[in-house]
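Working notes, structure below.
If you're wondering where the values come from, they're calculated on a predicted model, not measured in any experiment. Quick note on labels: first sequence line is chain A, next is B, and so on, each numbered from 1.
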There are 4 protein chains.
Amino acid sequence: MNAQVSSPQPAERKTRGRPRDPGAERRILDAALEEYGERGWSGFTMDAVARRAGVGKSTVYLRWQDKDSLLIDAVAARTGSIEDVDTGSFHGDLVEVSANLYRHYLDPAGWATLRLAVDAATSPSSLGTVSARLAEQHTAAVLAIVARAIERGEAPRDLPAAPLVLCLYGAVTMQTLTLAGSERQLPEAEIRRRVTELVDFVLAGRT
Amino acid sequence: MNAQVSSPQPAERKTRGRPRDPGAERRILDAALEEYGERGWSGFTMDAVARRAGVGKSTVYLRWQDKDSLLIDAVAARTGSIEDVDTGSFHGDLVEVSANLYRHYLDPAGWATLRLAVDAATSPSSLGTVSARLAEQHTAAVLAIVARAIERGEAPRDLPAAPLVLCLYGAVTMQTLTLAGSERQLPEAEIRRRVTELVDFVLAGRT
Amino acid sequence: MNAQVSSPQPAERKTRGRPRDPGAERRILDAALEEYGERGWSGFTMDAVARRAGVGKSTVYLRWQDKDSLLIDAVAARTGSIEDVDTGSFHGDLVEVSANLYRHYLDPAGWATLRLAVDAATSPSSLGTVSARLAEQHTAAVLAIVARAIERGEAPRDLPAAPLVLCLYGAVTMQTLTLAGSERQLPEAEIRRRVTELVDFVLAGRT
Amino acid sequence: MNAQVSSPQPAERKTRGRPRDPGAERRILDAALEEYGERGWSGFTMDAVARRAGVGKSTVYLRWQDKDSLLIDAVAARTGSIEDVDTGSFHGDLVEVSANLYRHYLDPAGWATLRLAVDAATSPSSLGTVSARLAEQHTAAVLAIVARAIERGEAPRDLPAAPLVLCLYGAVTMQTLTLAGSERQLPEAEIRRRVTELVDFVLAGRT
DNA sequence: AATTAATCGAGACGGTACGTCGGGTCTTATG
DNA sequence: CATAAGACCCGACGTACCGTCTCGATTAATT
């Protein structure tokens, strides 16, 4: 998916003057993500990002109005491809998509998505919609899974999809929330175990 | 409840010289909360807090080692009394406790709890336990509710309490996450409606 | 006079390709002078000059290698025709030429000449000769006047011309130096009065 | 002399809070002068000054509002003790004071005084008076010399002192103006020779 | 007519310095 | 001693300009 979230300039296509370096954007986003991963939020510096991307600060500020916007986009760019999943069974799909989210949250960049969403919720800025947009992407993916399951007759026609998404994603979020720094290295098997437990709970008596 | 979380210096009682102004602590915490509510995280300034509290910066730093600690305490001080609930029915208790959480999250100070928990999860600092402690409080409360329900025969003995808590709290969290600034004023009825939907979903086929 | 001082590229005459816009040079110099007059040195910007001249920055940098060179030329272009003066008497000539200089210094562009000369004196750049060249022009003019006066018998054959030039020009310079922004609008009569006083002093006992 | 020219803050004496480091001011001024001497105007950086002075940038900006103000003060601080001179004879005094000025101008810091004066004359800022104040100091010194000479009977009672000062100082200024970088190392004897020539010219027929 | 080569306006580029702001510490004089 | 005030060092912020570069679009002189 990976749609720009707060997105560099509305892009008035006139092609007057030197065109923007098409590679710069990618390089900056990557640099931002790496910096964020290595130094964390409080060590995250625009100067460092620019330097690492081999770019002048003006080039960064030409595309993003401030630090937050950049980080949001950098982080949102990573938030793709969680969603498309098709294992053949309803239960399997939910486990798969939840495990994806779980893994996403264990990655510093992925976790940053959540942090920014939390920030955005109360901040007076215009970025308030970030979380909503991100959430929509996820929701849509799970809704597709549910629709498929209903088609296949694996789920009742009146299965309340919205609460299901909220519960599943929320549960994963809450669980990763309690994992401190060192514990954030879970083996794949453990992730699947935890996720399966949640899916089982959510699906109990509905298949 | 309101246990100090990272807490002003243990304060070795020796009482030589001028005693600490007993009101200062409260004034600082209040000021911190107000500042945080009005300006958000990025506008939250130690100078501003001190000024609003009518206090010197040293007085603040004498009690809290840094900005994070202060905000954590300021926020934790508000985080009380979510938990004890007894409406007489399992369903009612869950609705009540979820609504409490919902309301808590709509308050800037309450929301800050979540933000700090998110921060703490990846930060190398010693605050990593904050979220855990907070989560424990909540979990314990819901576990008590579940135990009571089982006693009353309203729930099966093998009801998986842990996933239930995660799903319910997670779902509330995710839902408030998508609420932007202006939408964060929900009428009580709307809160109950949303919460009831979630509880119904979680309890379906289990009562 | 108006010789190019650091001058737009020697221009190797080959004339293939589009010829340079003949008006651009003039427009840029004018714009530079106006900008300098309005904003002063620290507000003098290449972008602004280009914009005002209705020209791309490349067009400017194609003709002058840097900001200094442009300003020098812009300013030197205005520095003409101070020198040729012939009133018929020695005293009259000196008054005339001094008044010319005085007026020149009250004009922002003229004043800029001095500023650049001062800059050039210590800067390691190759502009070091600017002041010298300018000074030579002036000196030559006054020397001509002195020679004429000696011919006419108005001045002794051993009149030390060099110190005379230094004193006269120096005195005018120092006097304009103490004039702040608002005071730099002197009526013609006042200029003549001040200049006459200086010439009288310098000529005393020598005619 | 060395009066503050644009001078750090009017200084509202209340002595609340930590007093300003009394050494900082001196250290900053010295650092500024050294930086200016070594790197010249265009290489003169606030960061470098602060670093060299072992001081934070805020400490600098607390005392001077911007780069210009600092440089003016740094440079003005050096402009002292040119003036007091008493060799016993009128001619000797003038030679002495002129040689002092000459030497002052050959020093980068001293030359900067002139540069700033020139800047100040046209700049819209409030520093327009710098040059005037500086000039006054010098003028006053020479006037004292003239007065003494008249007392001693070495000069006529009606000697026009003002033009004399202007001519002498102006001539020295103009002469140093034509000296390029490398030529600015004159042996003491050469300075005296040049200065004596000027004084002789100015005094001719008046002693 | 097609080609070639230079110039043009526009504006993005990598840098560097600016002046501001905030964190956390330190130093006074006053309780 | 603690306190209120406020200066201190540090380092990041976002802006502004410099001088360079790269576009697409002219504009002539040369094929």
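Atom CZ in C:Arg52 sits roughly 18 Å away from atom C1' in E:dG9 (whole-Å rounding). Atoms CH2 (D:Trp41) and P (E:dA17) sit 14 Å apart, rounded to a whole Å. Straight-line distance from the CZ atom of C:Arg20 to the C1' atom of E:dA5: 14 Å, rounded to whole Å. Atom-to-atom, CD1 of B:Ile28 to C1' of F:dA4 comes out at 12 Å; the value is rounded to the nearest Å. Atom CE in A:Met46 sits roughly 11 Å away from atom C1' in F:dA12 (whole-Å rounding). Separating the CG atom of A:Asp21 from the C1' atom of E:dG11 is a distance of 14 Å, rounded to the nearest angstrom. The distance from atom CD of B:Gln65 to atom P of E:dG24 is 9 Å, rounded to the nearest whole Å. Counting to the nearest Å, the P atom of F:dG11 and the CZ atom of A:Arg51 are 13 Å from each other.
Heavy-atom distances to DNA chain E give each of C:Arg27 and B:Ala48 a nearest nucleotide, and the one nearer the 5′ end belongs to C:Arg27. Summary of the strand contacts: D:Gly43 and B:Ser42 both lie near DNA chain E, and taking for each the nucleotide with the nearest heavy atom, the more 5' one is attributed to D:Gly43. Nearer to the 5' terminus of DNA chain F, by closest-nucleotide assignment, is the contact made by A:Phe44 (compared with the other of A:Gly17 and A:Phe44).
No cation-pi contact links C:Lys57 to C:Trp64, judged by a cut-off of 6.0 Å to the six-membered ring centre and 45° from its axis.
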Just do the side-chain contact (heavy atoms from CB on, under 4.5 Å) check on A:Phe44 and A:Arg39 with the steps written out, would you? CA-CA 6 Å; A:Phe44 181 77; A:Arg39 309 233 194 290; 5.7 Å; no

Please report the C-alpha distance between B:Arg26 and B:Asp30 in whole Å, then the side-chain angles of each, then the deciding distance to 0.1 Å, and finally whether the salt bridge (Lys or Arg N to Asp or Glu O under 4.0 Å) criterion is met. CA-CA 6 Å; B:Arg26 179 91 266 132; B:Asp30 289 349; 3.7 Å; yes

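If you take CD on A:Glu38 and CG on A:Leu33, they are separated by 10.5 Å, rounding to the nearest 0.5 Å. To the nearest 0.5 Å, atom CZ of residue A:Arg27 and atom OG1 of residue A:Thr59 are 8.5 Å apart.
Distances were taken from every side-chain heavy atom of A:Lys67 (C-beta onward) to each of F:dC21, E:dT7, F:dA12; the shortest belongs to F:dA12. Looking at the side chain of C:Pro19, the nearest of the listed nucleotides E:dC13, F:dA28, E:dG14 is F:dA28. Comparing F:dT15, E:dA17, E:dT4 by their closest approach to the side chain of C:Arg16 singles out E:dT4. Of the candidates F:dC18, E:dC13, F:dC8, the closest approach to any side-chain atom of A:Arg63 belongs to E:dC13. For B:Asp66, taking side-chain heavy atoms from C-beta onward, the closest of the listed nucleotides E:dG24, E:dG9, E:dC8 is E:dG24.
Taking only side-chain nitrogens and oxygens, A:Thr59 comes nearer than 4.0 Å to OP1 or OP2 of E:dG14. Taking 4.0 angstrom as the limit, D:Arg18 places none of its side-chain polar atoms (N or O) nearer than this to OP1 or OP2 of E:dT30.
Using a 4.0 Å heavy-atom criterion, one finds that B:Lys57 contacts the bases of the nucleic acid, with or without backbone contacts as well. Heavy atoms of B:Ser58 sit under 4.0 angstrom from at least one base atom.
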